[in-house]
Amino acid sequence: MKNKIAFMSTSNKVSKEIEKYLDKSSEFIVVDVNLSNSLEKARSLVEDGIKVIIAKTAITLKIEKNIPIPIVAMENTLSDYIELLDSIDTNKKITFIDFIEPPQSFKKLIKISNRNINFKFFSDEETCKQVVNEAIKSKSDVIIGGILVKKYAKDKEVEVYDLPISEDTVRIYKEIGKQVLENISKKNIKDEVVKNIEVLIKNYLDNDNKMSNNILDKITMNDTEKDKIIKALKKNSFSITKTAKDLEMSRTTLWRKLKKFNITII
């Protein structure tokens with residue numbers, strides 16, 4: 001069997017998204033599972049020669065103690081959150097429910113966008129059920145979460161979404177999977193490999209978060225500068241000469257910034 005690394009997914013839609021970003025001739029395979037059959041499927045993958053499994057937290061917690069190969073817990077990146085929010089009406093109240101907190105860069109983005117979004121967390125299945133019910137009682141229009149969240153939000157008067165998997169996230173975990181595979185060939189002790197996985201994931205996600213924060217810092221700065229220019233224009237009755245003088249810049253610089261921020265003077 002040429003496949004050595006398996007992505008396990010509880011969503012057919014997410015599985016297709018992952019497959020879209022994988023080279024069919026590569027060592028990766030994507031397997032659809034659910035919570036009840038995930039352990040059985042994982043054991044079957046091990047028998048077939050799979051050396052590394054990549055899965056979301058719910059599946060990882062279900063199988064990791066009973067599988068002799070490294071399991072990489074896959075977290076979503078900022079790209080995934082942005083991709084989903086772009087498809088949801090900005091006026092809807094949204095609740096994210098997950099095992100883990102979203103990246104800080106995403107929380108920063110929410111502050112900038114002023115959207116009505118709440119974050120809730122759970123540590124076990126019973127807590128998940130309670131959190132979902134609380135979100136429904138608080139009149140959330142949309143609930144976003146994984147397989148457990150969908151289980152308890154099903155048939156309720158609320159829209160339920162999976163977090164999509166972006167190309168950026170698949171790229172990161174492909175690289176992590178490959179490095180873990182290389183690690184296995186050097187050290188055949190699962191505990192040591194698992195420690196290295198934690199370091200690898202932290203390094204990749206820290207780098208991704210730093211890049212995202214740099215982008216968001218630029219967005220924040222741009223928004224602040226745009227607001228400052230608009231305020232100055234209104235104060236000076238939209239006179240370019242007076243506004244440029246007020247902002248202590250040349251008319252040419254002001255025109256360039258108006259074009260940059262798509263501000264039209266009629």
Chemist: Does NZ in Lys150 sit with more than 12 non-hydrogen atoms of other residues, nucleotides or ligands closer than 6.0 Å?
Modeler: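 It does: Lys150 NZ has more than 12 such atoms within range.
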Chemist: Any chance you could measure Asp141, atom CG, to Ile136, atom CD1, to the nearest 0.5 Å?
Modeler: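 It comes to 12.0 Å.
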Chemist: Report the C-alpha distance between Asp162 and Lys13 in whole Å, list the side-chain angles of each, state the deciding distance to 0.1 Å, and finish with yes or no for salt bridge (charged side-chain N to carboxylate O under 4.0 Å, His left out).
Modeler: CA-CA 9 Å; Asp162 257 327; Lys13 182 182 176 184; over 6 Å; no
Chemist: Can a donor-acceptor pair be found, under 3.5 Å and without considering hydrogens, that links the side chain of Arg115 to the backbone of Leu85?
Modeler: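 Present.
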Chemist: Can you check whether Asn66 reaches Arg43 side chain to side chain, under 4.5 Å on heavy atoms?
Modeler: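 Yes; the side chains approach each other to less than 4.5 Å.
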Chemist: For Leu163 and Phe96, what are the C-alpha separation, side-chain angles and deciding distance, and is it a side-chain contact (heavy atoms from CB on, under 4.5 Å)?
Modeler: CA-CA 9 Å; Leu163 264 172; Phe96 278 91; 4.1 Å; yes
Chemist: Tell me whether the count of non-hydrogen atoms from other residues, nucleotides or ligands lying under 6.0 Å of NZ in Lys51 goes above 12.
Modeler: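 No, because the 6.0 Å sphere around NZ of Lys51 holds 12 heavy atoms or fewer from other groups.
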Chemist: Is there side-chain contact between Phe28 and Ile18, with heavy atoms separated by less than 4.5 Å?
Modeler: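 No, their side chains stay 4.5 Å or more apart.
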Chemist: If we only count heavy atoms from C-beta on, is the Ser11 to Glu17 side-chain gap below 4.5 Å?
Modeler: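 Counting from C-beta outward, Ser11 and Glu17 never come under 4.5 Å.
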Chemist: Answer whether the closest heavy-atom distance between the side chains of Ile229 and Leu254 falls below 4.5 Å.
Modeler: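 They are in contact (side-chain heavy atoms under 4.5 Å apart), so the answer is yes.
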Chemist: Got Asn76 and Ile165 here, is their nearest side-chain heavy-atom distance under 4.5 Å?
Modeler: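 They are in side-chain contact.
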Chemist: When rounded to the nearest 0.5 angstrom, what is the spacing between CG in Leu35 and CD1 in Ile147?
Modeler: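 Here the rounded value is 4.0 Å.
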Chemist: Contact between Met74 and Phe7 at the side-chain level, heavy atoms closer than 4.5 Å - yes or no?
Modeler: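 Heavy-atom side-chain distance check passes, below 4.5 Å.
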Chemist: Lys93 and Asn118: side-chain contact (heavy atoms from CB on, under 4.5 Å), yes or no, with the steps?
Modeler: CA-CA 8 Å; Lys93 181 179 179 181; Asn118 298 305; 3.5 Å; yes
Chemist: Identify the two heavy atoms, one from Thr77 and one from Ser166, that lie closest to each other, and give their separation to 0.1 Å.
Modeler: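 That would be OG1-OG, 4.1 Å.
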Chemist: Return the minimal non-hydrogen interatomic distance between Thr60 and Ala73, and the atom names on each side.
Modeler: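 Of all heavy-atom pairs spanning Thr60 and Ala73, the closest is OG1-CA, 3.7 Å.
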Chemist: Do you know which two heavy atoms are closest between Leu148 and Phe122, and how far apart they sit?
Modeler: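 Nearest pair, atom of Leu148 first, then Phe122: CD1-CE1, 4.0 Å.
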Chemist: With distance as the sole criterion, is a donor-acceptor pair present between the side chains of Thr169 and Asp80 under 3.5 Å?
Modeler: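 A pair is found: one side chain offers a donor N or O, the other an acceptor, under 3.5 Å apart.
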Chemist: Are any of the side-chain heavy atoms of Asp32 and Lys41 separated by less than 4.5 Å?
Modeler: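 A side-chain contact is absent here, since even the closest heavy-atom pair is not under 4.5 Å.
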Chemist: In Å and rounded to the nearest 0.5 Å, what is the CG to CD1 distance from Leu61 to Ile71?
Modeler: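 Atom-to-atom, Leu61:CG and Ile71:CD1 are 11.0 Å apart.
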Chemist: Would Leu45 and Met8 count as a side-chain contact (heavy atoms from CB on, under 4.5 Å) if you check the C-alpha gap in whole Å, the side-chain angles of each, and the deciding distance to 0.1 Å?
Modeler: CA-CA 10 Å; Leu45 288 170; Met8 293 180 73; 4.1 Å; yes
Chemist: Please find the pair of heavy atoms, one from Gly177 and one from Ile54, that lie closest to each other, and give the distance.
Modeler: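 Closest approach of Gly177 to Ile54, heavy atoms only: CA-CD1, 4.2 Å.
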Chemist: What is the minimum heavy-atom distance between Val160 and Ala153, and which atoms define it?
Modeler: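 The pair with the smallest heavy-atom distance is CG2-CB, 3.6 Å.
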Chemist: Between Ile88 and Ile144, is there a side-chain heavy-atom distance shorter than 4.5 Å?
Modeler: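 Sidechains of Ile88 and Ile144: in contact.
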Chemist: Where do Asp246 and Thr243 land on the side chain to side chain donor-acceptor pair (under 3.5 Å) test, with the steps shown first?
Modeler: CA-CA 5 Å; Asp246 196 17; Thr243 302; over 6 Å; no
Chemist: Looking at CD1 of Ile143 and CD of Glu159, how far apart are the two atoms once the value is rounded to the nearest 0.5 Å?
Modeler: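 Atom-to-atom, Ile143:CD1 and Glu159:CD are 10.5 Å apart.
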Chemist: Can a donor-acceptor pair be found between the side chains of Tyr152 and Glu125 at a distance below 3.5 Å?
Modeler: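 Tyr152 vs Glu125: donor-acceptor pair found between side chains.
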Chemist: Would you compute the distance between atom NZ of Lys56 and atom OG of Ser38 and round it to the nearest 0.5 angstrom?
Modeler: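 Rounded to the nearest 0.5 Å, the NZ-OG separation comes to 14.5 Å.
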Chemist: In a check of side-chain contact (heavy atoms from CB on, under 4.5 Å) between Tyr173 and each of Asp168, Ile5, Val72, which one passes?
Modeler: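 Only match with Tyr173 under side-chain contact (heavy atoms from CB on, under 4.5 Å): Val72.
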Chemist: What is the minimum heavy-atom distance between Val180 and Pro70, and which atoms define it?
Modeler: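 The answer is CG1-CB, 4.0 Å.
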Chemist: With a 3.5 Å cut-off and no angle check, do the side chains of Asn34 and Ser36 form a donor-acceptor pair?
Modeler: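 The answer is yes; a qualifying pair exists.
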Chemist: When you check the side-chain N and O atoms of Asn12 and Ser15, is any donor under 3.5 Å from an acceptor?
Modeler: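 No donor-acceptor contact under 3.5 Å links the two side chains.
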Chemist: Mind checking the NZ-CG spacing from Lys156 to Asn133? Nearest 0.5 Å is all I need.
Modeler: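 So the gap between those two atoms works out to 5.5 Å.
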Chemist: For atom CD of Gln130, decide whether the heavy atoms of other residues, nucleotides or ligands shown that lie under 6.0 angstrom number more than 12.
Modeler: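 Counting neighbours around CD of Gln130, more than 12 heavy atoms of other residues, nucleotides or ligands fall under 6.0 Å, so yes.
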